[in-house]
Novice: 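Let me begin by handing over the structure; questions about it come next.
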Amino acid sequence: MIASFLKEHENLYYALTNKKVIVGLVLFLSIVLLALVGPMLTPYDYEGYAGMPYDPPSPNHWFGTTIMGRDVFTLTVYGLRSTLLVGFIAGTIATVVGCIIGFLAGYYGGSWFDEILMMITNIFVVIPQLALLIIISAFLKVRGIIVMSVIVSATAWPWTARAVRSQTLSLKNQEYVSLSRISALSVARILREDIASNMFSYVFMVFILQFNGTMLSTVQLEFLGLGPTRGVSLGLVMQDAVNWNAIQLGMWWWAIIPGLIITVMITSLYLVNTGLDAAFNPRLREA
Amino acid sequence: MSVPSSNDSILSVRGLTKVFYSGVFRRQATVAVKDVWFEMKPGTILSLIGESGSGKTTIGKLILKLIQPTSGQIIYKGTDIAHLKNKEQLRDYYRKVQGVFQDPFATFNPLYRVDRIFNMVYSSFGLDQGKKDEQVREVLESVNLDPDRTLGKFPHQLSGGQLQRLLIARTLLMDVDILIADELISMLDASTRIGILNLLVDICKSRGMSILFITHDLNLGYYISDYTLIMYKGRLVEKGDTKKIYENPVHPYTKMLFESVPDIHRKWDRSEEFLPEHVVQEVREFYAANEGRGFEDVEEEHTVLFSDR
Ligand SMILES: Nc1ncnc2c1ncn2[C@@H]1O[C@H](COP(=O)(O)OP(=O)(O)O)[C@@H](O)[C@H]1O
Ligand SMILES: [Mg+2]
């Protein structure tokens with residue numbers, strides 16, 4: 001049964017047997033796992049005093065402590081949770097909105113429909129994130145992860161829409177799209193089978209960049225005191241470390257460990273992306 | 001000018017013009033096709049001849065409704081195809097009007113097995129899925145392809161000639177009225193060429209299909225077509241009965257074509273296409289000498305553009 005399933009979904013088979021995809025997925029899932037189970041492994045609270053300040057990593061404090069005596073491991077795993085969540089939600093919203101608008105504008109490229117969509121996109125480009133956030137925070141006293149994600153993604157999708165539009169424009173002029181058109185395929189099917197599928201790895205890359213970008217802009221907003229009204233995040237931990245000159249004071253663990261985790265996370269997704277690129281392209285598959 | 005009587009034609013092209021706008025603010029205009037008129041009749045092959053960039057592919061794409069004309073009309077069975085808007089009307093049009101594109105490698109989506117081009121036809125046009133395997137094998141054999149060696153393959157695993165024959169086979173599955181064949185056999189070797197050409201002629205005559213055979217090879221045009229259209233820089237410069245044009249070319253561009261006829265058995269070579277400066281000059285002088293004349297019949301079923309002013 002598994003054999004017949006894989007035969008029908010051979011892309012999945014090639015994807016899951018690609019070395020880069022395997023390594024990338026293992027790394028990424030380990031980090032997700034850390035975010036899921038980490039908080040259960042620690043006896044400390046991320047806001048509270050956990051022990052001696054300035055403590056380097058030790059059996060009691062795996063990732064050391066901060067200048068205030070907080071446990072860096074606890075901060076990291078809780079921070080990882082909210083950072084992953086904001087990155088995932090905002091990245092998804094920005095990717096989906098950007099791709100849909102970009103696809104449609106590109107497919108109907110040059111028409112008034114395209115012009116209207118691009119006009120809307122350009123309006124969003126010039127709205128400063130900060131102004132939007134200040135206005136929203138004036139109305140919403142409590143900001144949760146969802147509100148943060150929506151705000152961050154509202155200004156993150158336009159570049160994707162533009163990039164996807166130009167990608168679609170070039171793909172739709174491919175002769176195979178013409179063949180699908182004279183085969184009377186519906187626009188939806190052409191978008192899905194001829195354009196989206198050829199853009200899959202591109203879209204995945206966009207998602208990784210959006211994931212990355214939205215995480216970073218969340219960090220910026222948090223730094224300005226416009227972050228979620230409660231909680232911690234990976235960015236906040238690093239920002240704190242930088243503000244306290246952690247590196248200069250020799251507390252490398254405070255700044256470097258959370259930074260390393262973000263780096264590994266981005267790299268793992270990048271590996272998955274290049275691996276999928278090879279798996280989904282029959283031409284590259286054989287090499 | 002002698003437009004063959006419209007009642008027996010299945011498709012008529014009237015004053016067709018296509019201008020491409022490109023560049024910043026779409027300021028750069030390319031006149032790809034200008035004021036082209038011709039008729040297609042059932043059971044006849046019309047060859048469209050001209051060098052690269054003369055607008056042949058553009059005419060094919062306009063008829064296939066892949067691009068919209070700047071002006072002029074394409075009338076299929078009494079209806080201007082510009083009015084075909086909804087899905088059903090377009091589907092009915094494509095059920096009857098089909099094409100094979102110039103570049104077979106670009107015509108296949110590299111992500112899918114080649115079988116997809118047949119599957120699309122069956123699902124879109126509501127053909128009997130139960131007979132698919134049998135019918136596909138049949139048409140593949142008729143274009144001299146071994147089904148077991150081609151089905152299930154990815155495009156990059158096949159040659160340009162094999163891909164092109166797959167595309168021809170695809171159109172044979174349908175009962176088409178009009179086939180646009182753009183540089184159809186450019187990728188084929190001499191032995192399959194003749195087979196495919198004969199197959200096309202057979203189908204055209206037996207099914208009453210009308211074929212627009214786009215080529216830059218005069219010999220091919222002569223071999224296959226009943227009528228000939230000669231294009232030069234987006235304009236139709238000479239048209240009519242193939243024999244008459246070949247026996248008595250009038251336009252300087254057509255004459256030049258006859259002086260540099262390539263051998264039918266040689267493989268098509270893109271680098272051979274060129275437009276010598278002296279020809280451009282001759283055409284200019286010809287137009288200047290005949291200013292104000294436009295299209296004129298030189299004999300029955302043989303029309304020449306004497307001047308573009
Ligand atoms: N999509 C397009 N955009 C801009 N110019 C085009 C486009 N398609 C074709 N052209 C131009 O139109 C002219 C005719 O092209 P084409 O019909 O492909 O010629 P042929 O098939 O005879 O070689 C060429 O100058 C070409 O560059
Ligand atoms: Mg061409």
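Order of the sequence lines sets the chain letters (A, B, ...), proteins ahead of strands, with each chain counted from 1.
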Novice: Heavy-atom distance under 4.5 Å to chain A: side chain of Lys61(B), backbone, both or neither?
Specialist: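 Just the side chain, heavy atoms under 4.5 Å.
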Novice: With heavy-atom distances below 4.5 Å as the criterion, would you say the side chains of Ile182(A) and Arg170(B) are in contact?
Specialist: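 In contact.
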Novice: Starting at OG of Ser183(A), measure out to CD of Gln98(B) and round the result to the nearest 0.5 Å.
Specialist: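 Answer for the OG-CD pair, Ser183(A) versus Gln98(B), is 6.0 Å.
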Novice: Once you round to the nearest 0.5 Å, how far does CG of Asn173(A) lie from CG of Leu66(B)?
Specialist: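 One finds 10.5 Å between CG of Asn173(A) and CG of Leu66(B).
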Novice: If we only count heavy atoms from C-beta on, is the Arg116(B) to Ser180(A) side-chain gap below 4.5 Å?
Specialist: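 Contact flag for Arg116(B)/Ser180(A) side chains = yes.
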Novice: Atom NZ of residue position Lys18(B) - does it have more than 12 heavy atoms of other residues, nucleotides or ligands inside 6.0 Å?
Specialist: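 Yes - once you tally the heavy atoms of other residues, nucleotides and ligands closer than 6.0 Å, there are more than 12.
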Novice: Given side chains that start at C-beta, do those of Tyr176(A) and Pro110(B) come closer than 4.5 Å, heavy atoms only?
Specialist: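 Counting from C-beta outward, Tyr176(A) and Pro110(B) do come under 4.5 Å.
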Novice: Heavy-atom distances under 4.5 Å only: say whether Phe108(B) touches chain A with side chain, backbone, both or neither.
Specialist: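 When you check distances to chain A, only backbone atoms of Phe108(B) fall under 4.5 Å.
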Novice: Backbone N or O of Asp194(A) within a donor-acceptor pair of the Tyr112(B) side chain at under 3.5 Å?
Specialist: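 Checked: no pair found.
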Novice: By a 4.5 Å heavy-atom criterion (distance strictly below it), what part of Arg95(B) contacts chain A: side chain, backbone, both, or neither?
Specialist: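 No part of it gets close to chain A.
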Novice: Roughly how far, to the nearest 0.5 Å, is the CD atom of Glu175(A) from the CG atom of Asp182(B)?
Specialist: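 Nearest 0.5 Å value for the CG-CD distance: 8.0 Å.
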Novice: From Ser124(B) OG over to Arg189(A) CZ, what is the distance, rounded to the nearest 0.5 angstrom?
Specialist: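 One gets 6.0 Å once the value is rounded to the nearest 0.5 Å.
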Novice: Compare every heavy atom of Leu179(A) with every heavy atom of Met120(B), then report the nearest pair and how far apart it is.
Specialist: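 Result for this residue pair: CE-CD2, 4.1 Å.
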Novice: Has Tyr270(A) got more than 12 heavy atoms of other residues, nucleotides or ligands less than 6.0 Å from its OH?
Specialist: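 No, OH of Tyr270(A) has 12 or fewer neighbouring heavy atoms, counting only those of other groups under 6.0 Å.
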Novice: Has Arg207(B) got more than 12 heavy atoms of other residues, nucleotides or ligands less than 6.0 Å from its CZ?
Specialist: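 For Arg207(B), atom CZ is crowded (more than 12 foreign heavy atoms under 6.0 Å).
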Novice: Does CZ belonging to Phe125(B) count more than 12 external heavy atoms closer than 6.0 Å?
Specialist: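 More than 12 within 6.0 Å, yes.
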